[in-house]
Amino acid sequence: MAQAEQTKNNFPLHQYKKNVEIEKEKTLALINAWEENEKAKAQTKAYKELCSTEAWENNMKISLELDLKKMEEKIEVEKDEYSKRFKKKIPEIEKIAEAKREKIEKQKEQKSINLKKISEKLSATPNAYPPKTKTCGCF
């Protein structure tokens, strides 16, 4: 009879230990599932943030490229305008240069005429050469 009581007592104790062990395994399984779920959430969040950062980077690059193209177009337009202005100034410069050349030619001709007149006067009077000009105020 003592053995029968012992087996009755052992059976529930043994069952209790099995139940505790099963509960531990369930708890560990739940903890592992929770951990995997949290890891997946963290990975998903990190992936979304990386995608967001990459999209921002691409948008910023595109924006800068568009700004650069606009500036290049603006510079090209300004270059064309300056080129037109300078091309308009070329005839003015040529006109001014031609007027200066004509003036120099007239001065040259006038000087030549004046020298010819002096030469004729000197030829008319043989004793007039060299011209009597005072080089110094004392003599």
Side-chain angles (χ1 to χ4, degrees):
M1 190 137 169
Q3 258 185 341
E5 284 179 24
Q6 210 174 17
T7 39
K8 283 183 184 178
N9 288 341
N10 283 341
F11 181 73
L13 182 64
H14 180 64
Q15 185 67 29
Y16 176 75
K17 285 182 180 179
K18 272 188 172 180
N19 285 342
V20 168
E21 198 173 305
I22 290 172
E23 285 297 317
K24 275 186 180 180
E25 287 177 9
K26 283 182 183 178
T27 305
L28 286 175
L30 288 173
I31 290 172
N32 286 338
W34 174 84
E35 182 182 1
E36 291 298 319
N37 186 28
E38 290 300 312
K39 282 181 183 178
K41 282 182 187 178
Q43 287 177 346
T44 303
K45 182 179 178 182
Y47 178 76
K48 285 180 181 179
E49 288 176 355
L50 287 173
C51 289
S52 174
T53 301
E54 190 173 325
W56 174 83
E57 179 185 16
N58 290 337
N59 286 339
M60 294 304 289
K61 285 180 181 178
I62 290 170
S63 175
L64 288 175
E65 287 174 3
L66 289 175
D67 288 346
L68 179 63
K69 284 182 182 180
K70 285 179 185 178
M71 281 192 238
E72 287 174 347
E73 289 173 2
K74 184 179 176 183
I75 288 172
E76 191 64 33
V77 168
E78 288 178 0
K79 180 182 172 186
D80 291 341
E81 289 175 4
Y82 280 119
S83 178
K84 287 177 186 177
R85 286 183 198 166
F86 288 135
K87 286 180 181 179
K88 286 181 182 179
K89 288 183 179 183
I90 289 174
E92 294 174 15
I93 292 170
E94 289 174 348
K95 185 178 176 181
I96 292 170
E98 186 61 33
K100 287 183 177 186
R101 282 189 211 102
E102 288 175 6
K103 182 180 175 184
I104 292 170
E105 283 296 321
K106 284 182 183 178
Q107 288 175 349
K108 183 176 127 183
E109 288 175 13
Q110 189 63 36
K111 185 74 170 176
S112 178
I113 291 170
N114 286 342
L115 288 174
K116 193 163 197 142
K117 286 181 183 178
I118 292 173
S119 175
E120 287 174 0
K121 284 183 185 178
L122 291 175
S123 297
T125 55
N127 293 334
Y129 189 78
K132 296 182 179 175
T133 57
K134 295 183 180 179
T135 56
C136 183
C138 353
F139 298 101

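Small disclaimer: the values here were computed from a predicted structure and weren't measured. Hydrogens, waters and symmetry mates play no part in the numbers below; they use all other heavy atoms, side chains included.
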Original post:
To the nearest 0.5 Å, how far apart are CG in Leu28 and NZ in Lys26?
Top reply: 13.0 Å
Subject >> Working for salt bridge (charged side-chain N to carboxylate O under 4.0 Å, His left out), residues Glu57 and Lys61 >> reply: CA-CA 6 Å; Glu57 179 185 16; Lys61 285 180 181 178; 3.4 Å; yes
Original post:
From Lys111 NZ over to Ile104 CD1, what is the distance, rounded to the nearest 0.5 angstrom?
Top reply: 15.0 Å
Original post:
Roughly how far, to the nearest 0.5 Å, is the CD1 atom of Ile118 from the CD atom of Glu120?
Top reply: 11.0 Å
**OP:** Could I get the full list of side-chain contact (heavy atoms from CB on, under 4.5 Å) partners for Lys79, not counting sequence neighbours?
**Re:** Glu76
Original post:
Which pairs count as side-chain hydrogen bond (donor to acceptor under 3.5 Å, both in side chains) when at least one residue sits in residues 95-105, sequence neighbours excluded?
Top reply: Glu98-Arg101
Original post:
Is it true that a side-chain atom of Thr27 and a backbone atom of Glu23 form a donor plus acceptor pair closer than 3.5 Å?
Top reply: yes
Original post:
Taking the side chain as C-beta and beyond, is there a heavy-atom pair between Tyr47 and Cys51 under 4.5 Å?
Top reply: yes
Original post:
Got a second to check how far Lys88's NZ is from Ile93's CD1, nearest 0.5 Å?
Top reply: 14.5 Å
Original post:
If we only count heavy atoms from C-beta on, is the Asn32 to Glu35 side-chain gap below 4.5 Å?
Top reply: yes
Original post:
How many angstroms lie between CZ in Arg85 and OG in Ser83, if you round to the nearest 0.5 Å?
Top reply: 11.0 Å
**OP:** Indicate yes or no: does Glu38 engage Lys41 in a salt bridge with an N to O separation below 4.0 Å.
**Re:** yes
**OP:** Find the distance between CD (Glu21) and CG (Asn19) and round it off to the nearest 0.5 Å.
**Re:** 10.0 Å
**OP:** Check whether any side-chain N or O of Thr44 sits under 3.5 Å from a backbone N or O of Ala40 as a donor-acceptor pair, and report yes or no.
**Re:** yes
